[in-house]
Amino acid sequence: MRNLQKKLSLGALLVLTACGGDSNAGDTNPSTTSHERDASHAADGPPRADTGAATDSAVPGGGARDDLDAGRLTDADTSLDAGSLGDVEPLLRGSREALSVPRATDLNPDPHVIEINLDAHIASVDIGSQQVKMYTFNGQVPGPRIEANVGDRLIVHFTNHLPVETMIHWHGVRVPNAMDGTPLVQAGVKTGGTFDYSFVLTDPGIYWYHPHLDSSEQLMRGLYAPIIVHEPSEPVGLGEEVTLVLSDLAFSSPGVAGFPDDGAAALAAGRDGTTVLVNGQEPRTLLVQPGARLRMRVINTAANRFFKLRIEGHQLTRIGSDGGLAASATTMYYLLLASAERADLLVVPKGKAGDRFKLQAIPYDRGTGGTADPVPLLTLQLVGGEAEAPSPLPARLRAIEPLSTSGATKVAVKIERLGNEYMINGATHHAPPVVGKVGETQHWRVSNITYYDHPFHIHGFFFQVLNPRTNAPVLPLEWRDTVNIPQSAQLELLVKYDDRPGRWMYHCHILDHVETGFMGMLNVE
Ligand code: C2O
Ligand code: CU
């Protein structure tokens, strides 16, 4: 019986694949004013007992697709499950697991320590329609998913078997400065070299890891992976979880991931890939139950691309972003997720068994034009009978202290473009560092005097976005590390430096813009 269910669930996974995703995100108007848009990715449930074994069947680079195709789920099959809830649960779980990024194997028996090996090397990765030669962590794209609880220590033994130097940055995680994985704090790990990272995951939320050396190219070649940090005391019943890592892929030659050689103007725009990937694969199908709330942790790990997300015929409820849950939920029909932004999203699927609807990236113009048509990311297919109505969300998801402008030091950051380069306060690549003190709160005003959007990222510290009209943080309160600054807009941020002095960075997370000058230093003393 177990086997049968397993088989069924594998079959279900395979189902579709439909959408051919090559186009860009966007055109429409930047309808939102601020940053209530981000994306998140979905992963699967709460931390599992781990070893990654449960998930090796599907996703990136996995070898099981052929068998999967043998088990295509038909409408007739789904009607079998229309009855009892108990029967579809394994099917639903199997579908989530098959879609998920395989987890890293934890080598440490201590339940509060996650110790993993990461080996960067070139491998052939199955993206659905073809094998692609990519840069990988442990042979998979995205790299192994890390799931932990707040307070756990993460130890990573990193070995580099790529032909180029690299290093790993833990995006958004409040690491000690020496663990930040940038050229400011460590030498590149050479081919054959190793480096050990070790730090405590102090905050809940949706994070990710990626190289910080030749970042745009190395990300496009496949080096990125999700980190989910759970808060055991968060409200219960938010829904079954799935992490969705959104990215795209360009080909330097047929079957080889990488940017084709583009000129300075292309970099200054920010190069999108030609194929959109979700958890390393072309669009697939996820089985969901009518009425059963689904929690999608979405991460935009694309080197440059934005995703403006919507689910056909459904509302999205955004409950959090980078640094965990927001103070309260917000409901919307679409959500812009600029590169490096994350979103914690809930959706309650409507309809009956057999119905399908898509998660799509709809057109958005970040200054480079955009496509006319929506890009499919994932098909949601309903199975089973209507679930019991989910319990209402608590009005307050989490208590967050607002930062205050009173006593905050002002910092002005002006972004301009000169030819094909970006300038920070009039300097390309060499703006003087912003200097902060441990314990100080700073009030950054970032003025984007260009016709391009820029997702603005500060290393090491969370910030709150300020509403200049109220002189208080934007509601609902939340902790961000990356926020999109629309073209010709200005954003104000409040950031408080806790006791982790060192040499940090701030930059645009359209990584081609880093190459073209949009990179600044933040020295905390
Ligand atoms: Cu994703 Cu400098 O960071
Ligand atoms: Cu930019």
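For reference, positions follow the sequence shown, starting with 1. Both ligands and their constituent atoms are indexed starting at 1 by order of listing.
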> Below 6.0 angstrom between ring centroids: does that apply to H507 and H513?
Replying inline: no

>> Looking only at N, O or S atoms in H212, which is nearest to atom 2 (Cu) of ligand 1?
In response: NE2

> Are any of the side-chain heavy atoms of M167 and H169 separated by less than 4.5 Å?
Replying inline: no

> Has H509 got an N, O or S atom lying less than 2.8 Å from atom 1 (Cu) of ligand 1?
Replying inline: yes

> Got an N, O or S from H457 under 2.8 Å of atom 1 (Cu) of ligand 1?
Replying inline: no

> If you measure only the distance, is there a donor-acceptor pair under 3.5 Å linking the side chains of H171 and T482?
Replying inline: yes

> With the Cu ion (ligand 2) as the point of reference, which N/O/S atom of H454 is the closest?
Replying inline: ND1

>> For a distance under 2.8 Å, tell me if C508 has an N/O/S atom near the Cu ion (ligand 2).
In response: yes

> Closest to atom 1 (Cu) of ligand 1, which N/O/S atom of H210 is it?
Replying inline: NE2

> Which atom, counting only N, O or S, brings H513 closest to the Cu ion (ligand 2)?
Replying inline: ND1

>> Suppose we call two aromatic rings close when their centres sit under 6.0 Å apart. Are W444 and F463 close by that rule?
In response: no

> Are H457 and W208 close enough that their ring centres sit under 6.0 Å apart?
Replying inline: no

>> For a distance under 2.8 Å, tell me if H171 has an N/O/S atom near atom 2 (Cu) of ligand 1.
In response: no

> For residues Y497 and Q442, is any side-chain donor paired with an opposing acceptor at under 3.5 Å?
Replying inline: yes

